[in-house]
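Letters A, B, ... mirror the listed sequences (proteins, then strands); counts begin at 1. None of the values given here were measured: they were computed from a predicted structure.
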Amino acid sequence: MPTCRAAAARARLPPTGQSELMRLSNYFLPTLKENPAEAQIVSHRLMLRAGMIRQTSAGIYAWLPLGHRVLKKIEQIVREEMDRAGAIELLMPTLQSADLWRQSGRYDSYGKEMLRIQDRHEREMLYGPTNEEMITDIFRREVKSYRDLPRNLYHIQWKFRDEIRPRFGVMRGREFLMKDAYSFDLDEAAARRSYQKMFISYLRAFSRMGLKAIPMAADTGPIGGDMSHEFIILAETGESEVFCDRTLVDMPAPGDEVDYDADLTPVIEQRTSLYAATDEKHDAAKFEADVPADNRLSARGIEVGHIFFFGTKYSEPLGALVAGPDGKDVPVQMGSYGIGVSRLLGAIIEASHDEDGIIWPESVAPFKVGLINLKSGDADTDAACAKLYATLTKAGVEVLYDDRDERAGAKFSGMDLIGLPWQLVVGPRGLKNGVVELKERATGNREELSTEAAVKKLVG
RNA sequence: CGGGGCAUAGCGCAGUCUGGUAGCGCACCUGGUUUGGGACCAGGGGGUCGCAAGUUCGAAUCUUGCUGCCCCGACCA
């Protein structure tokens, strides 16, 4: 009965992602005490120091285990919010054929940012900087009728744009992970609804990551109108100058009760009626006329998402036609919606850190709890830690256990650096009195509790 | 792509001007003392000084070329 044996073997494996390997003594977390010279901004420095990434070429990074965990968390939040809004996940390749791009006319117009490659047959290929052509191609082959609309297809895939000057770590890398969604509708009114769904979905996704993202009017290119927004996180190190009504900053995102089938216009107008623009779209006169002086906020921001409607820009040249109710073929109305997944790590750190290190919002933290054994080798302390580790892990709490034979100070500062939301500190002195210490990274608040109370607090 | 800078041990740097065969701090290894906020003592390992050519008795150091990385600008999720 080989199947049974296999099942039994599988049952003995630890649950996904959580095992004894999450002991720091056999994990892979190369932290740095000093700042690498090449890192200029705080998020880049902290990501290097916290052992999250290492640069392999200009603007190209390897994701070390800690960084990889955060990347996956962010990716998952984006995925859940896309799915909730009715988008459908697929996965397109990173390498594309030049032919498609010739059809859309972008092969020549895209310029040197596009990384062009030849295969062994000297066929022209490219490493995709985006996927409008490819998704349109996939769509046009299969969808012929308005009855199959609307559809919104997305993937989360690595992109490459050969930036002239990559900088700021993962905020402006050449290779980056991006979620890009593409909507297909019969007419512009329907396309507007698709756009609105993404708008709401973005507000929710960023909010779940602990970010205050502000939608700002963006350039719509040849189409015009109000159908393009950038989602901006305010940060000193942001690349663009932004202007908006202060009210927008703390406006809460739509909650779980949001109904994507209902009319979303009021929710969106609540935001778009207030002034918000990046420097390219900024109109100083309008800003002063529309926004009371006290509410005028001019700051710097990081673009973490961009949504836009572009109508038939690709469907027409690529021949993505569907039959309407009248039986006549029309090009589909399309929109595309990007989120810079890898860039978000930098953005979150820019928005959430202090002089000691990163402060992860719980939803994207690589682990929820850092368990600190203050005296590895001490039988009682080891036993207490092992028990806490097992209990928490069993309850589904992600724990990174620092069981190394290091001094207390090194463990404290290391944990502060990597920024896990909670530090559970266990030492012989406390155990003698039946207590452990729980420190909240964000506030620095510490409290002494019984192990049971600490577990309850972390599990609850 | 234009302007500027840097390249010496895993990280941060000195040594280059004035050529004589490589050093400091952190990290790492061994032993000991320590142990509640990045310890101390002693010993030790690790470098074709980015690459190539040239000048010279001799090059990390001078010359030329190349490469990589960083900063400022134009461009972008």
Side-chain angles (χ1 to χ4, degrees), chain A residues 30-41 44-45 48-49 51 54-60 74 78 110-114 128-131 156-181 202 206 213 218-219 228-233 238-240 278 280 301-308 336-347 356-357 372-378 381 402 404-418 423 425-433 435-437 439 444 446 448:
Chain A
T31 57
L32 303 172
K33 204 184 268 188
E34 290 175 277
N35 281 321
E38 79 264 17
Q40 299 299 313
I41 62 167
H44 190 192
R45 282 204 282 261
L48 289 167
R49 286 191 52 206
R54 287 294 182 262
Q55 178 167 298
T56 58
S57 306
I60 303 181
I74 292 173
V78 171
Y110 212 95
K112 291 192 170 178
E113 295 221 330
M114 185 150 76
T130 177
N131 286 67
I156 300 172
Q157 177 64 291
W158 292 93
K159 305 287 190 293
F160 194 93
R161 292 186 191 171
D162 201 356
E163 296 280 341
I164 295 164
R165 185 154 89 85
R167 61 186 125 170
F168 304 148
V170 300
M171 298 249 285
R172 183 73 177 280
R174 292 197 291 171
E175 187 184 50
F176 56 97
L177 187 62
M178 177 171 148
K179 185 284 301 177
D180 42 325
Y202 275 37
F206 295 130
D219 219 324
S228 180
H229 289 88
E230 291 181 13
F231 287 74
I232 300 281
I233 305 300
E239 289 194 84
S240 32
T278 58
E280 307 104 56
I302 301 165
E303 183 185 350
V304 289
H306 195 163
I307 60 179
F308 47 95
S336 82
Y337 314 90
I339 289 181
V341 174
S342 49
R343 167 181 281 193
L344 273 164
L345 274 89
D356 295 324
I372 297 180
N373 182 335
L374 284 178
K375 194 163 186 178
S376 291
D378 176 87
T381 315
D402 189 349
R404 294 170 308 157
D405 183 18
E406 283 289 338
R407 303 173 63 81
K411 296 190 175 191
F412 287 133
S413 50
M415 278 298 176
D416 285 346
L417 174 64
I418 68 172
Q423 294 173 16
V425 183
V426 180
R429 193 187 294 173
L431 287 177
K432 210 167 286 173
N433 304 316
V435 296
V436 294
E437 186 180 279
K439 174 180 159 183
R446 303 155 199 234
E448 297 205 319

Margin query: Nearest to the side chain of A:Phe412, heavy atoms from C-beta on, is which of B:A77, B:G37, B:C11?
Written below: B:G37

Item checked: Sugar-phosphate only, base, or nothing, as touched by A:Arg446 at under 4.0 Å among non-hydrogen atoms -> base

Note to self: Let me spell it out: for each of A:Glu34 and A:Gly59, pick the nucleotide of RNA chain B with the closest heavy atom. Which residue's pick is nearer the 5' end?
What the structure shows: A:Glu34

Margin query: Counting the atoms with a prime plus P, OP1 and OP2 as sugar-phosphate, which does A:Ala410 contact under 4.0 Å by heavy atoms, base, sugar-phosphate, or nothing?
Written below: base

Check: How is A:Val341 classified with respect to the nucleic acid when contacts are heavy atoms under 4.0 Å: base, sugar-phosphate, or nothing?
Finding: nothing

Check: Reckon A:Ser57 touches a base, only the sugar-phosphate, or nothing at all at heavy-atom distances under 4.0 Å?
Finding: sugar-phosphate

Notebook entry, point to check: How close or far is atom C1' of B:C75 from atom CE of A:Met114, stated in whole angstroms?
Noted result: 16 Å

Notebook entry, point to check: Can a side chain N or O of A:Arg407 be found less than 4.0 Å away from OP1 or OP2 on B:A39?
Noted result: yes

Note to self: Regarding A:Gly377, tell me which of base, sugar-phosphate or nothing describes its non-hydrogen contacts under 4.0 Å with the strands shown.
What the structure shows: nothing

Note to self: Students often get this wrong, so: under 4.0 angstrom with heavy atoms, is A:Asn35 touching a base, only sugar-phosphate, or nothing?
What the structure shows: sugar-phosphate

Margin query: With hydrogens left out and only the distance checked, is there a donor-acceptor pair under 3.5 Å joining A:Arg165's side chain and the base of B:G4?
Written below: no

Margin query: Name the residue from A:Glu163, A:Met171, A:Arg161 that meets the side chain to side chain contact (heavy atoms under 4.5 Å, CB included) definition with A:Phe176.
Written below: A:Arg161

Note to self: Using OP1 and OP2 only, check whether a side-chain N or O of A:Gln55 sits under 4.0 Å from B:G68.
What the structure shows: no

Check: Just checking A:Gly111: base, sugar-phosphate only, or nothing, at a heavy-atom cut-off of under 4.0 Å?
Finding: nothing

Check: Atom CD of A:Glu175 to atom C1' of B:C76: distance rounded to whole Å?
Finding: 16 Å

Notebook entry, point to check: Do A:Arg172 side-chain and B:C75 base share a donor-acceptor contact under 3.5 Å?
Noted result: yes

Checklist line | Side-chain H-bond candidate by donor/acceptor type, A:Gln157 with A:Asn131, under 3.5 Å | finding: no

Next item on the list: Write down the distance between NZ (A:Lys375) and C1' (B:U34), rounded to a whole number of angstrom.
Entry: 10 Å

Next item on the list: Grab the CZ-P distance between A:Phe176 and B:C75 for me, whole Å please.
Entry: 18 Å

Check: Rounding to a whole Å, what distance do you find between A:Arg404:CZ and B:C28:P?
Finding: 9 Å

Notebook entry, point to check: If you check every side-chain atom of A:Ala37, which of B:C76, B:G12, B:A74 has the closest atom?
Noted result: B:G12

Check: Are any of A:Lys33's side-chain N or O atoms less than 4.0 Å away from OP1 or OP2 of B:G38?
Finding: no

Next item on the list: Among B:C11, B:G37, B:G36, find the nucleotide with the atom closest to the side chain of A:Val425.
Entry: B:G36

Margin query: Between C1' on B:A27 and CD on A:Glu406, what's the gap in Å once rounded to a whole number?
Written below: 11 Å

Check: Can you tell me how far CD of A:Glu175 sits from CD1 of A:Ile60, rounded to the nearest 0.5 angstrom?
Finding: 5.5 Å

Margin query: Tell me whether A:Asp405 is salt-bridged to A:Lys375, with the criterion being a basic N under 4.0 Å from an acidic carboxylate O.
Written below: no

Next item on the list: Starting at atom CD of A:Glu38, determine the distance to atom P of B:C70, rounded to an integer number of angstrom.
Entry: 7 Å

Next item on the list: Using a strict 4.0 Å threshold on nitrogen-to-oxygen distance, state whether A:Glu406 and A:Lys411 make a salt bridge.
Entry: no

Next item on the list: Could you tell me whether the phosphate oxygens of B:C70, OP1 or OP2, come under 4.0 Å of any side-chain nitrogen or oxygen in A:Arg167?
Entry: no

Item checked: Nucleotide of B:G36, B:C71, B:G12 approaching A:Glu437 most closely (side-chain heavy atoms) -> B:G36

Note to self: Using a 4.0 Å heavy-atom cut-off, does A:Glu163 contact any base of the nucleic acid, only the sugar-phosphate backbone, or nothing at all?
What the structure shows: base

Checklist line | Pair A:Gln423-A:Asp416, side chain to side chain donor-acceptor pair (under 3.5 Å): steps then yes or no | finding: CA-CA 9 Å; A:Gln423 294 173 16; A:Asp416 285 346; 2.7 Å; yes

Check: Below 6.0 angstrom between ring centroids: does that apply to A:His229 and A:Phe231?
Finding: no

Next item on the list: Could you tell me whether A:Gly338 contacts a base, only the sugar-phosphate backbone, or nothing, with contacts defined as non-hydrogen atoms closer than 4.0 Å?
Entry: nothing

Next item on the list: Select one nucleotide: of B:C70, B:A77, B:G37, the one nearest the side-chain heavy atoms of A:Arg161.
Entry: B:A77

Next item on the list: Would you mind reading off the distance between A:Leu32 atom CG and B:G12 atom P, rounded to a whole angstrom?
Entry: 8 Å

Note to self: Please classify the nucleic acid contact of A:Arg54 as base, sugar-phosphate, or nothing, using heavy-atom distances under 4.0 Å.
What the structure shows: nothing

